[in-house]
S.K.: 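Here it is: the structure, laid out below.
Order of the sequence lines sets the chain letters (A, B, ...), proteins ahead of strands, with each chain counted from 1.
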Number of protein chains: 2
Amino acid sequence: MRTALIDAAARILATDGPRALSTRRLAAEVGASTMAVYTHFGSMDQVRHAVRTEGFARLDAALDRIPRTDDPVADLTADALVYLDAGLADPEMYRAMFVDRPPPADTDPGSGLFQRLVASVRRCIDAGRFDAADDPLPLGWAAEIWTMQHGMVVLALGDVLPTDQIRFLLADMTYRLAVGFGDDPTAAHRSVRKRRRPRRTKR
Amino acid sequence: MRTALIDAAARILATDGPRALSTRRLAAEVGASTMAVYTHFGSMDQVRHAVRTEGFARLDAALDRIPRTDDPVADLTADALVYLDAGLADPEMYRAMFVDRPPPADTDPGSGLFQRLVASVRRCIDAGRFDAADDPLPLGWAAEIWTMQHGMVVLALGDVLPTDQIRFLLADMTYRLAVGFGDDPTAAHRSVRKRRRPRRTKR
DNA sequence: GAGGGTTCCATATCGCTGTTATATACCGAC
DNA sequence: GTCGGTATATAACAGCGATATGGAACCCTC
């Protein structure tokens, strides 16, 4: 029942947006009464929290499917593009995860994503691509890369640019940052190009 | 009356968040009945739209207050920091402007901000700081800089880092991007440092 | 100054929302 | 078979956005 409710909630969210995700609509979707929602979750906020957690799990799985190569900058690019594609594939889910207000003091289920970024940046540093001594904060560059990824998805969701241009722009920005982080321009260009092509199938 | 309602709405938003911005609360705040809201605006969505427009006007005014110098990269940094400070000064307003869902087909009152960015980037190119031939799209780098600014504000609003570290990080990221765009590293460093200090007074 | 038209707002109401109290049905343990 | 606890349905509450209706205030014209 719990998972059925979460799935139904994610479905309603994806098709009709967050305004449509109401107690009665959700209960009707699984053929139950509204009390089912309150037995398994305490409130609609906790339903949304569960949906968010589910979204993070899916994104985590999508990122896990990317093979690691011996080129950490190319891997970083691939990660960023998958992140973007995930946002484009289910914009409402992305908004639920990163945009809409999380309840205060919500233990953020997305922190794992950040740890992943930290590891990716570390690989670039260990491989001698980024200049370690230059990072201004312990996790500064990882934060900068997340800033890039999230900003790009938001740009894409506001559909100010067609999605193929967004992908191109994200690749370009990754390249610029890599160079800014100390990577050799021609090496960075090669790495980014390597991973720009394979547009993954939307789920 | 209209402006009184807008001001009251902005006040409610800033103090108690978007959930508190209801017809009845808004009407009570100005000592009127709910019909006043529907006479001057057609719906609560249009109230929110008006608040957003007001927010853009304030941000525009704040950016207008920054003097232009003969160092366009330093100016770009200053703009970014003021943008960040505006978001930190009134998070709910920032969310209303850039985060919460704008009604569909809402003619975006924020497009002026983007034109401003385009002009700033153009100045860097004209001054020979950025390499013009390298920009992948007509407005690509302006979009990348906005991505950085917005991503940083969101990072700050999620308070994952103290605000002074965020300011430092934004300055660093501006530096990295400038270098990626072709600026000389030492020149970029000097420009960014020049404008990193003066933390503007919160409004 | 009086009339007529228009604009603005208060009252009351509708259908919706999240949430909860109450009562019933089910289901495993003894 | 009966008990105890859990899960669900029904019904209700306050609050929400929105609207229909009616009255009050204004302004222009004569």
S.K.: What is the distance from CE of A:Met44 to P of C:dC16, rounded to the nearest Å?
M.R.: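 For the pair A:Met44 CE and C:dC16 P, the rounded distance is 17 Å.
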S.K.: Checking contacts here: which listed nucleotide (D:dT19, C:dA10, D:dC16) is nearest the side-chain heavy atoms of B:Tyr38?
M.R.: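 Nearest to the side chain of B:Tyr38 among the choices is D:dT19.
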S.K.: Kindly list each side-chain donor-acceptor pair under 3.5 angstrom involving residues 145-153 of chain B, sequence neighbours excluded, with atom names and distances?
M.R.:
from, atom 1, to, atom 2, distance (Å)
B:Trp146, NE1, B:Tyr83, OH, 3.4
B:Thr147, OG1, B:Ala143, O, 3.0
B:His150, ND1, B:Tyr94, OH, 2.8

S.K.: Please tell me which of A:Ala20 and A:Gly42 maps to the more 5' nucleotide of DNA chain C, matching each residue to the nucleotide holding its nearest heavy atom.
M.R.: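 On the 5' side of the pair lies A:Ala20.
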S.K.: Counting the atoms with a prime plus P, OP1 and OP2 as sugar-phosphate, which does B:Leu21 contact under 4.0 Å by heavy atoms, base, sugar-phosphate, or nothing?
M.R.: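 Sugar-phosphate only.
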S.K.: Can you tell me the distance, in whole Å, between the CZ atom of A:Arg25 and the P atom of C:dG18?
M.R.: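 Rounded to whole Å, this separation is 12 Å.
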S.K.: Assess whether one donor atom and one acceptor atom, taken from the side chain of B:Arg24 and the base of D:dG17, lie less than 3.5 Å apart.
M.R.: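 Per atom types, the contact qualifies.
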S.K.: What's the CE-P distance between B:Met35 and D:dC16, to the nearest Å?
M.R.: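 Atom CE in B:Met35 sits about 18 Å away from atom P in D:dC16.
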S.K.: For A:Arg2 and D:dA7, what is the distance between atoms CZ and C1' respectively, to the nearest whole Å?
M.R.: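 Interatomic distance, CZ of A:Arg2 to C1' of D:dA7: 15 Å.
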S.K.: From the set D:dC16, C:dC9, D:dA11, return the single nucleotide nearest to any side-chain atom of B:Met1.
M.R.: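 So the nucleotide nearest the side chain must be C:dC9.
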S.K.: Looking only at the side chains, is there a donor atom on one of A:Ser33 and A:Arg24 sitting less than 3.5 Å from an acceptor on the other?
M.R.: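 Side chains of A:Ser33 and A:Arg24: no pair found under 3.5 Å.
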S.K.: Give the rounded distance in Å between these two atoms: CG of B:Asp16 and C1' of D:dC16.
M.R.: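 Result: 16 Å.
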S.K.: Return the CG to CZ distance between B:Leu26 and B:Arg11, rounded to the nearest 0.5 Å.
M.R.: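 CZ of B:Arg11 is found 9.5 Å from CG of B:Leu26.
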S.K.: In this structure, how many angstroms lie between the C1' atom of C:dC16 and the CG atom of A:Leu26, rounded?
M.R.: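 Going from CG in A:Leu26 over to C1' in C:dC16 covers 16 Å.
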S.K.: Check the phosphate of C:dT11 against B:Ser33, side-chain N and O only, distance under 4.0 Å to OP1 or OP2. Yes or no?
M.R.: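 B:Ser33 to C:dT11 OP1/OP2: no side-chain N or O under 4.0 Å.
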S.K.: Grab the CZ-P distance between A:Phe41 and D:dT8 for me, whole Å please.
M.R.: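 Rounding to the nearest Å, CZ of A:Phe41 and P of D:dT8 are 11 Å apart.
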S.K.: Do any side-chain nitrogens or oxygens of A:Thr23 fall under 4.0 Å of OP1 or OP2 in C:dG18?
M.R.: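 So the side chain of A:Thr23 is within the cut-off, an N or O lying under 4.0 Å from OP1 or OP2 of C:dG18.
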S.K.: Does either side chain, that of B:Arg193 or that of B:Thr77, offer a donor lying less than 3.5 Å from an acceptor on the other one?
M.R.: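 Judged by distance alone, the side chains do not pair up.
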S.K.: Between D:dT8, D:dT19, C:dT19, which one does the side chain of A:Thr39 approach most closely?
M.R.: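 Per side-chain heavy atoms of A:Thr39, the pick is D:dT8.
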S.K.: Is the shortest side-chain N/O distance from B:His40 to OP1 or OP2 of C:dT7 below 4.0 Å?
M.R.: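 It does not, given that no N or O in the side chain of B:His40 lies less than 4.0 Å from OP1 or OP2 of C:dT7.
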S.K.: Given atom CG of B:Asp45 and atom C1' of D:dC16, what is their separation to the nearest angstrom?
M.R.: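 One finds 13 Å between C1' of D:dC16 and CG of B:Asp45, rounded.
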S.K.: If you check the A:Thr34 side chain, which of C:dT20, C:dA10, D:dG17 turns out closest?
M.R.: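 My answer, after comparing the listed nucleotides, is C:dT20.
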S.K.: With B:Met97, which of B:Glu54, B:Arg52, B:Glu92 fulfils side-chain contact (heavy atoms from CB on, under 4.5 Å)?
M.R.: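 So the option named by the test is B:Arg52.
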